[in-house]
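Just below is one structure, and these are the notes that go with it.
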Amino acid sequence: MLFEPQRYRIEDQPHRPFVDPPEIREMLAAAASPTLDRVREVIGRALDRRRLTMQEVAVLLNADRPEAVAEIMEAAHRLKKEVYGDRIVIFAPLYIGNKCVNNCAYCGFRASNRHAVRRTLTDAEIVDEVRALERTGQKRLILVYGEHPLYDAAYIAHTVRTTYATQQGGDQIRRVNINAAPFDVEGFRTIREAGIGTYQIFQETYDPEVYRRYHLGGRKTDYDWRLTAMDRAMEAGIDDVGLGVLFGLGDWRFEVMALVRHTNHLEACYGVGPHTISFPRIRRASDLSLDGLDLIGDDEFVRLVAILRLAVPYTGLILTARETAALRDRLIRYGISQIDAGTRLEIGGYSAAEQEQDLHKEQFELMDGRSLAEVVSELIDSGYIPSFCTACYRKGRTGEHFMEFSTKGFIKRFCTPNALLTFAEYLEDYATPAVWEKGWALIEAEAARTDDPALAERLARIRRGERDILF
Ligand code: SAM
Ligand code: SF4
């Protein structure tokens with residue numbers, strides 16, 4: 001059974017806060033210093049594709065001995081390969097505006113930062129940015145906004161529509177996700193009607209004490225309003241939601257437990273878990289000192305991703321260009337299913353002639369400045385299929401990660417062929433001859449393995465110039 005509802009001290013009810021910090025701490029303490037046998041037992045359940053209980057997740061989080069960590073990593077790698085295959089979904093963020101009324105101590109956009117250069121794209125500038133992104137081959141965007149009265153639901157819906165409407169032949173954005181401040185149910189309805197894919201918002205920290213310390217002004221000081229944002233989104237009919245924690249604020253083990261708790265809350269109340277989970281780590285930002293933060297090292301970060309992979313196997317895991325190319329390559333093995341590529345954080349940065357990092361114009365420091373073309377080329381070299389697939393969303397198959405996981409043959413029937421078709425389009429329209437060659441070699445090897453005549457026929461149609469063919 002995929003959902004095994006657990007009982008908690010705070011019962012799950014729609015629109016009601018559900019995080020109970022003492023309960024999470026007790027679970028972590030009760031699982032301290034687990035034996036290797038116990039760790040193996042939990043790993044075994046995950047590999048049997050059972051959803052882990054929070055007590056079991058606590059066992060993995062407390063498994064500090066090197067051999068236990070190594071087994072967790074190996075299991076995460078195996079599960080990822082079995083569940084997702086070798087696809088990596090690619091997207092890019094598009095910053096629409098950085099005006100902000102909040103004072104989040106860690107963010108370059110915070111209201112009190114007088115050095116931040118504030119800018120909101122005009123409609124014409126949005127079109128320029130989207131065109132610039134399309135010309136590189138992007139098909140999936142996430143639009144990002146500060147929190148400001150200007151960026152209300154109607155405005156956000158308008159920017160989503162503007163993005164979809166910006167097309168030139170095969171160059172088109174086919175899925176627009178958003179990362180924006182929480183709305184009421186009515187606001188979420190307005191946004192849903194514009195056709196968004198995923199609504200993403202990060203709790204930043206699930207520890208209310210830590211939350212209070214870092215959120216020093218504006219609407220975002222209200223922990224519960226943010227915590228229940230997904231409930232309102234769900235009620236408004238947005239059932240693709242993306243959770244996240246900003247790692248570096250609170251204790252990482254606590255935060256992972258809380259992410260699983262949030263997942264369980266959504267499953268209990270709405271029968272569907274989050275579409276994705278993100279785990280940004282704090283980076284340098286304009287006028288930000290990293291002193292006093294609870295920064296998390298690379299090795300612990302990799303463990304955290306592996307544990308999440310085992311804990312929520314049907315949720316997509318997103319790793320952004322806040323991390324270096326080397327760490328991103330390492331983490332793809334252990335569970336990442338989506339990455340951004342060719343990212344520019346400066347507002348208007350995609351269509352600007354010069355590309356220079358200036359922290360006062362960006363939200364935080366970018367660590368992976370590779371272009372989309374470079375990322376695609378390197379993924380091919382590592383045997384991964386870059387996927388620009390948007391099929392499930394457009395065919396009305398929402399909650400697709402859940403289906404991938406639960407429906408026998410789903411990946412073989414839909415995900416792999418759609419990844420290959422969108423990758424083929426990319427190669428035909430945007431790749432250099434060298435990348436085209438090695439990319440097609442990878443497609444042919446994969447297609448031969450699937451041995452599906454319908455796929456071969458569609459790939460041939462793409463070569464002849466047809467576009468946007470989906471399973
Ligand atoms: N303003 C909206 C909000 O706060 O929900 C939109 C999100 S903000 C533009 C995107 C995310 O960036 C935040 O939720 C936060 O997790 C992350 N972020 C903020 N400051 C950061 C920093 N210094 N380093 C890395 N990520 C950061
Ligand atoms: Fe504003 Fe979001 Fe930055 Fe907070 S994280 S200051 S709400 S843009």
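It should be emphasised that the depicted structure is a prediction, and the values quoted were computed from it without experimental measurement.
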Checklist entry - Just checking, is any N or O donor in the side chain of E134 or T166 under 3.5 Å from an acceptor N or O on the other one? => result no

Checklist entry - Okay, side chain of S337, backbone of L317: is any donor-acceptor separation there less than 3.5 Å? => result yes

Checklist entry - Which class fits the ring pair Y214 and Y106: parallel under 30°, tilted 30 to 60°, perpendicular over 60°? => result tilted

Next on the checklist: Does either side chain, that of N264 or that of R51, offer a donor lying less than 3.5 Å from an acceptor on the other one?
Outcome noted: yes

Item to check | Full working for salt bridge (Lys or Arg N to Asp or Glu O under 4.0 Å) between R261 and D12 | outcome: CA-CA 10 Å; R261 181 69 188 89; D12 282 303; 3.1 Å; yes

Checklist entry - Within the distance-only criterion (no hydrogens, no angle test), does the side chain of E129 pair as donor or acceptor with the backbone N or O of S351 below 3.5 angstrom? => result yes

Next on the checklist: Any non-hydrogen side-chain atom of H275 less than 4.5 Å from a side-chain atom of T315?
Outcome noted: no

Item to check | Residue pairs involving residues 213-234 (criterion salt bridge (Lys or Arg N to Asp or Glu O under 4.0 Å); sequence neighbours excluded) | outcome: E204-K220, E204-R226

Next on the checklist: Return the CD to OH distance between Q138 and Y350, rounded to the nearest 0.5 Å.
Outcome noted: 7.0 Å

Item to check | Contacts of Y8 that satisfy ring-ring contact (aromatic ring centres under 6.0 Å, His included) - sequence neighbours left out | outcome: none

Checklist entry - What residues, two or more places apart in sequence or in another chain, satisfy ring-ring contact (aromatic ring centres under 6.0 Å, His included) together with Y206? => result H262

Next on the checklist: Side chains of H15 and E235 only: does a donor on one sit below 3.5 Å from an acceptor on the other?
Outcome noted: yes

Item to check | Test side chain to side chain contact (heavy atoms under 4.5 Å, CB included) applied to L143 and N177, step by step | outcome: CA-CA 6 Å; L143 307 188; N177 301 330; over 6 Å; no

Checklist entry - With side chains defined as the heavy atoms from C-beta onward, is the minimum distance between H77 and R309 less than 4.5 Å? => result no

Checklist entry - Does N102 reach the main-chain N or O of T221 with its side chain, forming a donor-acceptor pair under 3.5 Å? => result no

Item to check | Backbone of N62 reached by a side-chain donor or acceptor of R253 within 3.5 Å | outcome: no

Item to check | Side-chain heavy atoms of M234 within contact of V272, under 4.5 Å | outcome: yes

Next on the checklist: I'd like to know whether I332 forms a side chain to side chain contact (heavy atoms under 4.5 Å, CB included) with L379, so could you lay out the CA-CA distance, the side-chain angles of the two residues, the decisive distance to 0.1 Å, and finally the verdict.
Outcome noted: CA-CA 10 Å; I332 282 176; L379 285 173; 3.9 Å; yes

Item to check | Set of ring-ring contact (aromatic ring centres under 6.0 Å, His included) partners for H265, sequence neighbours left out | outcome: F18

Checklist entry - Is a side-chain donor or acceptor of K81 paired with a backbone partner of A76 at a separation under 3.5 angstrom? => result no

Item to check | Polar contact flag, side-chain donor to acceptor under 3.5 angstrom, R175-T198 | outcome: yes

Item to check | Under 3.5 Å: donor-acceptor pair, side chain of E23, backbone of D20 | outcome: no

Item to check | side-chain hydrogen bond (donor to acceptor under 3.5 Å, both in side chains) partners for R303, two or more places apart | outcome: D64

Checklist entry - Taking side chain as C-beta onward, heavy atoms only, is F279 less than 4.5 Å from L331? => result no

Item to check | V376 and its side-chain contact (heavy atoms from CB on, under 4.5 Å) partner, picked from Y384, F423, Y430 | outcome: F423

Next on the checklist: Once salt bridge (Lys or Arg N to Asp or Glu O under 4.0 Å) is applied, what residue pairs with a partner in residues 106-122 remain, sequence neighbours excluded?
Outcome noted: R119-E125

Checklist entry - Does any pair with a residue in residues 188-198 pass salt bridge (Lys or Arg N to Asp or Glu O under 4.0 Å), and if so which ones, sequence neighbours excluded? => result E186-R189

Checklist outcome for this item: Across all chains, not counting sequence neighbours, the side-chain contact (heavy atoms from CB on, under 4.5 Å) partners of A111 are N103

Next on the checklist: I'd like to know if the side chain of T120 reaches the main chain of G97, judged simply by a donor and an acceptor atom lying under 3.5 Å from each other, with no hydrogens or angles considered.
Outcome noted: no

Checklist entry - Taking atom CZ of F91 and atom CD1 of I173, what is their separation to the nearest 0.5 Å? => result 12.5 Å

Item to check | Closest non-hydrogen atom pair, A92 against L133 | outcome: CB-CD2, 3.9 Å

Checklist entry - Do N113 and S286 have a side chain donor and acceptor closer than 3.5 Å? => result yes

Checklist entry - Within a reach of under 6.0 Å around CZ of R78, are more than 12 heavy atoms found that belong to other residues, nucleotides or ligands? => result no

Checklist entry - Got F301 and L327 here, is their nearest side-chain heavy-atom distance under 4.5 Å? => result yes

Next on the checklist: If I take atom OH from residue Y145 and atom CZ from residue F109, how far apart are they, to the nearest 0.5 angstrom?
Outcome noted: 13.0 Å

Item to check | Check: F471 ring centroid to F414 ring centroid under 6.0 Å | outcome: no

Checklist entry - What's the shortest heavy-atom distance between D240 and G197, and which atoms? => result CB-O, 3.5 Å

Next on the checklist: Looking at R16, I want to see if its CZ is surrounded by more than 12 non-hydrogen atoms of other residues, nucleotides or ligands under 6.0 Å.
Outcome noted: no

Checklist entry - Roughly how far, to the nearest 0.5 Å, is the CG atom of L310 from the CZ atom of R45? => result 12.5 Å

Next on the checklist: Under a 3.5 Å distance rule, please check whether R322 uses its side chain to pair with a backbone N or O of P280 as donor and acceptor.
Outcome noted: no

Item to check | Side chain to side chain, E323 and R283, heavy atoms closer than 4.5 Å | outcome: yes

Item to check | Contact check, side chains of L319 and D340, non-hydrogen atoms, under 4.5 Å | outcome: no

Item to check | Contacts of type side-chain hydrogen bond (donor to acceptor under 3.5 Å, both in side chains), residue R330, not counting sequence neighbours | outcome: D299

Checklist entry - Rounded to the nearest 0.5 Å, how far does CG of L249 lie from CZ of R281? => result 13.0 Å

Item to check | Donor + acceptor pair across side chains of E255, Q203 (<3.5 Å) | outcome: no

Next on the checklist: Has Y223 got a side-chain atom pairing as donor or acceptor with T205's backbone, closer than 3.5 angstrom?
Outcome noted: no

Next on the checklist: Quick check: do M257 and V19 have side-chain heavy atoms less than 4.5 Å from each other?
Outcome noted: no

Next on the checklist: Whether the side chain of D368 engages the backbone of R370 through a donor-acceptor N/O pair (distance < 3.5 Å, no angle test) should be reported.
Outcome noted: yes

Item to check | Residue pairs involving residues 152-174 (criterion ring pair (Phe, Tyr, Trp, His ring centres under 6.0 Å); sequence neighbours excluded) | outcome: Y151-Y155

Next on the checklist: Run the ring-ring contact (aromatic ring centres under 6.0 Å, His included) test against F247 and tell me which residues pass, sequence neighbours left out.
Outcome noted: none

Item to check | Pair T320-I318, side chain to side chain contact (heavy atoms under 4.5 Å, CB included): steps then yes or no | outcome: CA-CA 6 Å; T320 67; I318 300 182; 4.2 Å; yes

Checklist entry - Run the side chain to side chain contact (heavy atoms under 4.5 Å, CB included) check on Q338 and R87 step by step: do they pass? => result CA-CA 9 Å; Q338 292 194 26; R87 290 167 296 131; over 6 Å; no

Checklist entry - Which salt bridge (Lys or Arg N to Asp or Glu O under 4.0 Å) pairs, counting each pair once, include a residue from residues 141-153, with sequence neighbours left out? => result none

Checklist outcome for this item: Taken to the nearest 0.5 Å, the spacing of I142 CD1 from T163 OG1 works out to 12.0 Å

